[in-house]
Protein chains: 2
Amino acid sequence: MAITQSGSAPPVTAAQRILDVAEQLAQTRGFNGFSYADVAAELSLTKASLHYHFPSKADLGRALIERYHQVFLGALEEIDRRIPAADARLQRYVDLYDSVMRKNRMCLCGMLAAEYTTLPAAMQDQLRRFFDANESWLATVLDDGRAAGVLAFRGTARERAQMVLGSLEGAMLVARAYDDGPRFRAAATLVLSDLRADPA
Amino acid sequence: MAITQSGSAPPVTAAQRILDVAEQLAQTRGFNGFSYADVAAELSLTKASLHYHFPSKADLGRALIERYHQVFLGALEEIDRRIPAADARLQRYVDLYDSVMRKNRMCLCGMLAAEYTTLPAAMQDQLRRFFDANESWLATVLDDGRAAGVLAFRGTARERAQMVLGSLEGAMLVARAYDDGPRFRAAATLVLSDLRADPA
DNA sequence: GTCTATACAGCGATAGAC
DNA sequence: GTCTATCGCTGTATAGAC
């Protein structure tokens, strides 16, 4: 029995490894900022091998967003499952962003939003669906929190959700230019503090 | 006397026209999302002519940020000159961003922030200086407003300035993916409303 | 499923005529 | 200051052997 990939450990497929590397590159350099050659070099493969798994770069991009979206949805469901209070849920949501920042990455979809006009139509649609899902989840949490009296804020829950989403993406965007994780966390803390019902 | 460029009208130099086109492209497609060929085609020039004015693309990029920064500083000085109240100054600041959105563009420096890791070092430095200038101006206005009693917010003025800057950049970033100007304005309104001293 | 080899377009950049 | 022409490199993508 081999030491690696023993028992019930899920096999790490080539496609997964390619997506891992491509994701890291897309989150740091942008979708237009990396090439098949970059991914191939990192994996000690050839460009032709990558094209076997993802025929075109648009295919790769679609797989990238799809997986990212799925993982994100899974994380949101776990928050819903384990955390009851709305304000605590929001903190966990911010922590998801923070864990990305700590890897010196930008949110994949925030990065792709900057490149929006240059992306294939399919990726543009996926991107909006990702933001829509975030916004809907946030709106529900905000609504629940306001109803429960633990949150208080101006505007509708949906407007507020859009504002929180944009604020977190923007805080990451700017903080990354300073390579400054604490800067992101301070900004995120202020965004959340503006949602608190209690004074001071 | 000619109808165009008569009297004291400043001459529009070739370099200016190049910067105008490059700026529009950089704000919509990103610095890595356009080429000399794109600019040349738009101006009915050849790539070689562009290289006469801006030998390398890094030179062009530096000129782009420098001009953008200067124009922005000019706009801030005009706000300081004409608008006394801190809250009104902030609204004018938001209007500057909004005027960019209305041209279906992203803030040049927000866009470049996404591409940060791929930019020449000189452009990276300029970018941070642009954000620093924004942050300093905002921090001063926020401080003044709080002292005057027209603004109230959690956190230090500097932390708050960073948060506001990031929130506006992020709101633009996401709203542009929806081609939705009102979405940006709604988010910006909420950011400002969280700074108001008066309740409701 | 990975390789070698290659096609072809686009990129930034330069030389030199006008 | 703009042009034609071209260079060297990198990009995405494909064909076909193994």
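What you see below is based on every heavy atom in this structure, not just the backbone, and it leaves out hydrogens, waters and symmetry mates. First the proteins, then the strands, lettered A, B, ... as listed; each starts at 1. On a predicted model such as this, the values are computed, not experimentally measured, just so you know.
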From the options [options], select the nucleotide whose nearest atom is closest to the side chain of [X].
X	options	answer
A:Ala48	C:dT4, C:dC11, D:dT12	C:dT4
B:Ser56	D:dT12, C:dA13, C:dC3	C:dA13
A:His51	C:dC3, D:dA13, D:dT2	D:dA13
A:Lys57	D:dA13, C:dT2, C:dC11	D:dA13

Ignoring backbone atoms, test whether [X] places a side-chain nitrogen or oxygen under 4.0 Å from the OP1 or OP2 oxygen of [N].
X	N	result
B:Ser35	C:dG10	no
A:Tyr52	C:dG1	yes
B:His53	D:dT2	yes
B:Thr46	D:dC3	yes

Check your understanding: Does A:Lys47 or B:Ser44 map to a spot on DNA chain D nearer the 5' end, using the closest nucleotide for each?
Key ->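 Whichever sits nearer the 5' end wins; that is B:Ser44.
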Tell me whether the count of non-hydrogen atoms from other residues, nucleotides or ligands lying under 6.0 Å of [atom1] in [X] goes above 12.
X	atom1	result
B:Gln124	CD	yes
B:Arg146	CZ	yes
B:Gln24	CD	yes

Give the rounded distance in Å between these two atoms: [atom1] of [X] and [atom2] of [N].
X	N	atom1	atom2	answer
B:Asp38	C:dG12	CG	P	8 Å
A:Tyr36	C:dA5	OH	C1'	19 Å
A:Leu45	C:dT4	CG	C1'	14 Å
B:Gln16	D:dG1	CD	P	13 Å
B:Leu50	C:dA13	CG	P	11 Å

Review point. Is the NZ or CZ atom of A:Arg183 both under 6.0 Å from the centre of the six-membered ring of A:Tyr178 and within 45° of that ring's axis?
Key: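 A:Arg183 over A:Tyr178 ring: yes.
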Exercise for review: Using the six-membered ring wherever Trp is involved, compare the ring planes of B:Phe130 and B:Phe72 and label them parallel, tilted or perpendicular (cut-offs 30° and 60°).
Suggested key: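 Perpendicular, since the angle between the ring planes exceeds 60°.
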Practice item. Just call it for A:Phe54: base, sugar-phosphate, or nothing, with non-hydrogen atoms closer than 4.0 Å on any strand. Key: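 No contact at all - A:Phe54 keeps every heavy atom at 4.0 Å or more from the nucleic acid.
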